[in-house]
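Numbering of ligands and ligand atoms starts at 1, following listing order.
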Amino acid sequence: MTVLHMNKGAGETSYAKNSTLQSKIISVAKPFVEEAILGVLCSDIPESLGIADLGCSSGPNALSVISEAIDIVHAKCVRMSRLSPEIRVYLNDLPSNDFNNIFLSLPEFHKKLKVDKGAGFRPCFVSGVPGSFYGRLFPSKSLHFVHSSSSLHWLSQVPSGLNSEGGPPLNKGKLYISKTSPECVARAYADQFKRDFSRFLGSRSAEMVTAGRMVLTLMGRISNDPSSESAFLWELLSLALLAMASEGLVEETKVDSFDAPYYAPSAEELKCEITNEGSFAIDYLETFEASWDYFGCGEEYVQFSGVRVAKMVRAVVESMLESHFGGGILVVMDELFRRYAEMVDDYLSKNRAKNILAVVSLIRKDAPRSL
Ligand SMILES: C[S@@+](CC[C@H](N)C(=O)[O-])C[C@H]1O[C@@H](n2cnc3c(N)ncnc32)[C@H](O)[C@@H]1O
């Protein structure tokens with residue numbers, strides 16, 4: 001959690017410039033966001049409405065869900081001839097996130113709100129909340145709607161036990177669960193996800209009002225096999241790093257000891273943790289396949305080539321690679337992702353790559369009264 005951050009700024013390799021896939025995922029979840037917000041407002045419109053986006057990152061996606069949420073609230077209030085509530089917007093990410101990039105776009109955001117919504121629109125207060133969503137971030141019962149997109153597949157840490165001191169790394173030569181990984185590796189990943197997701201739910205449960213709603217999208221899995229579907233992205237990165245290690249460009253022992261803090265859960269795993277934690281009713285929970293080949297960006301459709309996939313993956317994992325391999329890897333970073341792009345192209349030409357999304361919509365249950 002001290003290392004992970006998406007590539008900062010707005011340059012060529014930044015997350016801001018390479019997050020089309022994540023923006024598409026946000027649009028897939030749009031109908032669920034709308035339904036959830038209308039659900040929050042169905043019985044009453046609160047004076048002050050708390051909305052949080054967890055794992056907001058930086059760039060255009062950071063404020064897009066928030067703008068959409070505000071539009072939905074405003075339209076509902078207009079339909080009811082009511083004054084809109086004061087909206088408290090909390091943008092959360094890890095402390096090393098490029099919050100400045102978001103803050104710099106806020107004056108434009110507020111200006112646009114004023115113009116679009118007119119004089120009847122009450123103030124909207126936006127704050128940045130640095131910290132991990134695997135713990136408490138907000139005061140009790142302060143949130144009405146929580147959103148998180150493309151973030152909850154990041155674990156709070158690499159599963160413990162994969163790299164025991166003195167012993168050989170259990171997942172040698174691999175960055176994630178692979179076809180050749182011992183079974184205990186997949187188990188360690190699944191256990192870490194369970195612990196993390198349960199802590200996430202517990203924290204939100206304390207922070208949300210009764211009947212508050214939460215919409216989560218993350219990378220998921222349909223297959224029972226965790227080394228299938230989108231795991232090919234990690235598999236190819238392992239192969240690219242190993243090829244470079246064989247040429248002395250990166251240290252092989254570092255490749256062996258690198259494990260990604262990532263897990264794509266199945267619908268069953270998500271459902272099981274939600275049920276065990278007990279604070280939320282499931283309104284919708286599904287994993288489904290979204291296309292890798294073409295990703296719509298507004299009116300424009302762009303082919304998902306190896307280069308595009310490599311840019312997207314680089315914007316996300318570069319900080320972790322630098323921290324694990326040391327600053328020396330920066331010299332070969334371009335070369336690594338050039339090779340990776342070629343491998344992805346080759347893979348996409350021979351396989352139908354699967355991109356599995358999990359969409360979860362939850363309702364905070366009434367807390368049991370203590371006697
Ligand atoms: C791929 S980005 C998604 C950003 C944005 N929601 C979007 O859809 O474009 C994932 C974000 O989750 C953040 N993240 C990962 N683990 C986190 C944690 N434990 N607490 C808060 N944010 C976290 C990362 O720093 C990163 O900015």
> Looking at Phe197, does the NZ or CZ of Arg199 lie under 6.0 angstrom from its six-membered ring centre and within 45 degrees of the ring axis?
Replying inline: no

Examine the proximity of ligand 1 to [X] and report which part, side chain or backbone, both or neither, has a heavy atom under 4.0 Å away.
{"X": "Leu54", "value": "neither"}
{"X": "Ala62", "value": "neither"}
{"X": "Asp93", "value": "both"}

Proximal atoms of ligand 1 relative to [X] (non-hydrogen, under 4.0 Å):
{"X": "Gly131", "value": "20 (N), 21 (C)"}
{"X": "Asn92", "value": "21 (C)"}
{"X": "Ser57", "value": "4 (C), 27 (O)"}
{"X": "Asn61", "value": "7 (C), 9 (O)"}
{"X": "Tyr134", "value": "19 (N)"}

Ligand 1 to [X] polar contact by distance, N or O atoms, under 3.5 Å:
{"X": "Gly55", "value": "yes"}
{"X": "Asp53", "value": "no"}
{"X": "Phe133", "value": "yes"}
{"X": "Trp154", "value": "no"}

> Going by heavy atoms, is Cys56 under 4.0 Å from ligand 1?
Replying inline: yes

> Can you name the nearest heavy-atom pair linking Pro130 to Pro95, along with the distance?
Replying inline: CB-CA, 3.9 Å

Side chains of residues 103-110: which donor-acceptor partners sit under 3.5 Å, not counting sequence neighbours?
from: Ser105; atom 1: OG; to: Ile102; atom 2: O; distance (Å): 2.7

Kindly say whether [Y] contributes a backbone atom to a donor-acceptor pair with the side chain of [X] at under 3.5 angstrom?
{"X": "Asp53", "Y": "Cys56", "result": "no"}
{"X": "Glu229", "Y": "Ser223", "result": "yes"}
{"X": "His153", "Y": "Met219", "result": "yes"}

> Among Tyr262, Phe258, Phe232, which residue meets the ring-ring contact (aromatic ring centres under 6.0 Å, His included) test with Tyr176?
Replying inline: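 Checked Tyr262, Phe258, Phe232 against Tyr176; only one passes ring-ring contact (aromatic ring centres under 6.0 Å, His included): Tyr262.
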
>> Using salt bridge (Lys or Arg N to Asp or Glu O under 4.0 Å), reason through Lys76 and Asp71 one step at a time and then give a plain yes or no.
In response: CA-CA 9 Å; Lys76 168 80 177 173; Asp71 285 349; over 6 Å; no

> Mind checking what makes side-chain hydrogen bond (donor to acceptor under 3.5 Å, both in side chains) contact with Ser149, not counting sequence neighbours?
Replying inline: Thr217

